[in-house]
Amino acid sequence: MAKATEMPPVMSAQQQFGAAVLILGESHANAIARAIKAADETDFVAIDVRNRSSAASGGKIDFDSFAGYRPRHLVLAFGGTENNLVGLIETDPPFDLVCPPYENIKDGRTLVPFAAIEEILSRRLQSGLQRALEVRSHFDCPVHALAPPPPFWSFDQRTQVPNAFADLIEAGIAPPSVRRKLYSVLCDAMRKAYLEHGIEFVAAPPSSQDEKSFLLRSLWDKDPTHGNAAYGRCVLEHLREELNV
């Protein structure tokens with residue numbers, strides 16, 4: 001008489017694939033991943049999906065890094081540096097723009113039309129958007145796009161200059177009021193772009209910002225254009241509330 005085959009225990013989808021919420025992105029996913037590890041979270045997984053050998057393979061995304069996951073929610077964290085590329089470093093001539101509700105203009109700066117800045121940032125975010133859409137195509141669950149961290153106020157003695165700007169730093173950092181406007185324009189442009197693809201946009205956590213909408217100093221990474229693990233924790237709490245996880 002043949003011996004009956006012992007069947008493995010049935011696992012839920014969450015047990016099989018590791019998380020209710022899967023956060024996939026680039027550099028901004030790392031703060032969230034550190035927060036998940038520190039808190040031993042089980043509802044969230046965050047992965048930086050950049051292909052470290054893209055020069056050899058010809059692709060920028062490591063699709064194997066998230067193969068097999070079937071979360072209840074997917075959160076995309078791509079791009080998010082476009083505002084810094086346009087205006088972190090002071091320009092010559094220095095510029096400003098009117099961006100409601102931030103309508104103050106600093107003296108001695110060239111006024112650039114809002115529509116011009118909006119067009120520039122909308123074009124720049126397309127690269128990150130396309131990578132996000134490539135990743136999204138692997139899932140059939142509800143999808144959200146996450147805003148990058150808010151702008152920082154100013155450099156201090158503990159600040160590490162972002163590598164991409166190290167050779168330009170002698171020109172100085174643009175005023176915080178200008179950088180805050182660029183961040184606002186970028187987030188609005190990201191919201192519109194993602195909504196065109198049926199993806200809801202999630203703003204940065206209000207708890208991460210001071211009364212002037214700048215990233216709290218305690219939440220900066222060494223490079224203040226990125227958040228640290230404490231910022232990642234704020235994001236997780238925000239997502240838990242927004243997604244009802």
Side-chain angles (χ1 to χ4, degrees), residues 3-81 125-149 190-191 193-205 221 226-245:
K3 184 178 179 180
T5 303
E6 184 177 350
M7 298 297 293
V10 176
M11 295 188 295
S12 69
Q14 184 169 336
Q15 287 175 312
Q16 285 181 298
F17 301 110
V21 181
L22 180 61
I23 303 162
L24 301 179
E26 297 166 322
S27 61
H28 291 304
N30 291 317
I32 307 170
R34 292 197 296 269
I36 292 170
K37 182 177 180 180
D40 198 22
E41 279 279 2
T42 58
D43 289 331
F44 296 89
V45 168
I47 303 172
D48 180 343
V49 302
R50 288 177 293 180
N51 191 345
R52 305 300 179 179
S53 59
S54 60
S57 67
K60 293 187 176 182
I61 300 170
D62 179 4
F63 293 100
D64 290 338
S65 65
F66 56 87
Y69 281 98
R70 292 295 180 269
R72 295 208 311 267
H73 299 275
L74 175 66
V75 177
L76 303 168
F78 286 82
T81 60
L125 69 82
Q126 290 300 314
S127 178
L129 173 65
Q130 293 308 311
R131 293 192 298 277
L133 293 177
E134 281 189 72
V135 168
R136 183 261 188 98
S137 68
H138 290 250
F139 298 88
D140 57 8
C141 61
V143 185
H144 306 263
L146 185 63
M190 290 179 72
R191 179 179 289 105
Y194 279 101
L195 280 176
E196 288 179 0
H197 297 276
I199 299 173
E200 294 289 334
F201 185 75
V202 179
D221 205 358
H226 290 83
N228 58 19
Y231 176 76
R233 187 71 222 166
C234 291
V235 172
L236 292 177
E237 292 171 356
H238 186 49
L239 288 175
R240 193 181 293 280
E241 185 175 310
E242 290 288 313
L243 305 182
N244 194 28
V245 176

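Note that the numbering runs from 1 along the sequence shown for the chain.
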(request) Taking the side chain as every heavy atom from C-beta outward, state whether Y69 and H138 have any pair of such atoms under 4.5 Å apart. (result) no
(message) So that I can tick it off, tell me whether R131 and E26 are bridged by a salt bridge, with the cut-off set at under 4.0 angstrom between side-chain N and carboxylate O.
(response) yes
(message) Are the side chains of F66 and V49 in contact, using a 4.5 Å heavy-atom criterion?
(response) yes
(message) Tell me if a side-chain donor or acceptor on H238 pairs with a main-chain N or O of A203 at a distance below 3.5 Å.
(response) yes
(request) Provide the closest heavy-atom pair for G227 versus A31 in the form atom of the first, atom of the second, distance. (result) O-CB, 3.3 Å
(request) Show the numbers, then the answer: is there a side-chain contact (heavy atoms from CB on, under 4.5 Å) between R50 and S27? (result) CA-CA 8 Å; R50 288 177 293 180; S27 61; 3.8 Å; yes
(message) For a 4.5 angstrom cut-off between non-hydrogen side-chain atoms, does H197 reach R136?
(response) yes
(message) Working note: V202 + V75, criterion side-chain contact (heavy atoms from CB on, under 4.5 Å); need CA distance, chi angles, decisive distance, verdict.
(response) CA-CA 9 Å; V202 179; V75 177; over 6 Å; no
(request) With rounding to the nearest 0.5 Å, note down the distance linking CG in N30 to CD1 in I47. (result) 11.0 Å
(request) Indicate the atoms forming the closest heavy-atom contact of I23 with I32, along with that distance. (result) CD1-CG2, 3.6 Å
(message) Are the side chains of L239 and V245 in contact, using a 4.5 Å heavy-atom criterion?
(response) no
(request) For the residue pair H28 and L146, establish whether any side-chain heavy-atom pair is separated by less than 4.5 Å. (result) no
(request) Would you name the heavy atoms of C141 and P71 that are closest together and state the gap between them? (result) CB-O, 3.5 Å
(request) Please report the shortest heavy-atom distance between M190 and F78, naming the atom on each side. (result) CE-O, 4.1 Å
(message) Walk me through whether L24 and F139 qualify under side-chain contact (heavy atoms from CB on, under 4.5 Å).
(response) CA-CA 12 Å; L24 301 179; F139 298 88; 3.9 Å; yes
(message) Measuring only between side-chain heavy atoms, which start at C-beta, is R34 closer than 4.5 Å to D221?
(response) yes
(request) Could you pull out the closest heavy-atom pair between L76 and V143, with the gap in Å? (result) CD1-CG1, 3.6 Å
(request) Return the minimal non-hydrogen interatomic distance between A29 and A46, and the atom names on each side. (result) O-CB, 3.9 Å
(request) Would you check if the side chain of R240 reaches a backbone N or O of D43 as a donor-acceptor pair within less than 3.5 Å? (result) no
(request) Begin from the C-alpha positions of Y194 and L129 and carry the test side-chain contact (heavy atoms from CB on, under 4.5 Å) through to its verdict. (result) CA-CA 8 Å; Y194 279 101; L129 173 65; 3.5 Å; yes
(message) Could you check whether any side-chain heavy atom of P205 comes within less than 4.5 Å of a side-chain heavy atom of Y231, counting everything from C-beta outward?
(response) yes
(request) Examine distances only and state if a side-chain atom of E200 and a backbone atom of H144 form a donor-acceptor pair shorter than 3.5 Å. (result) no
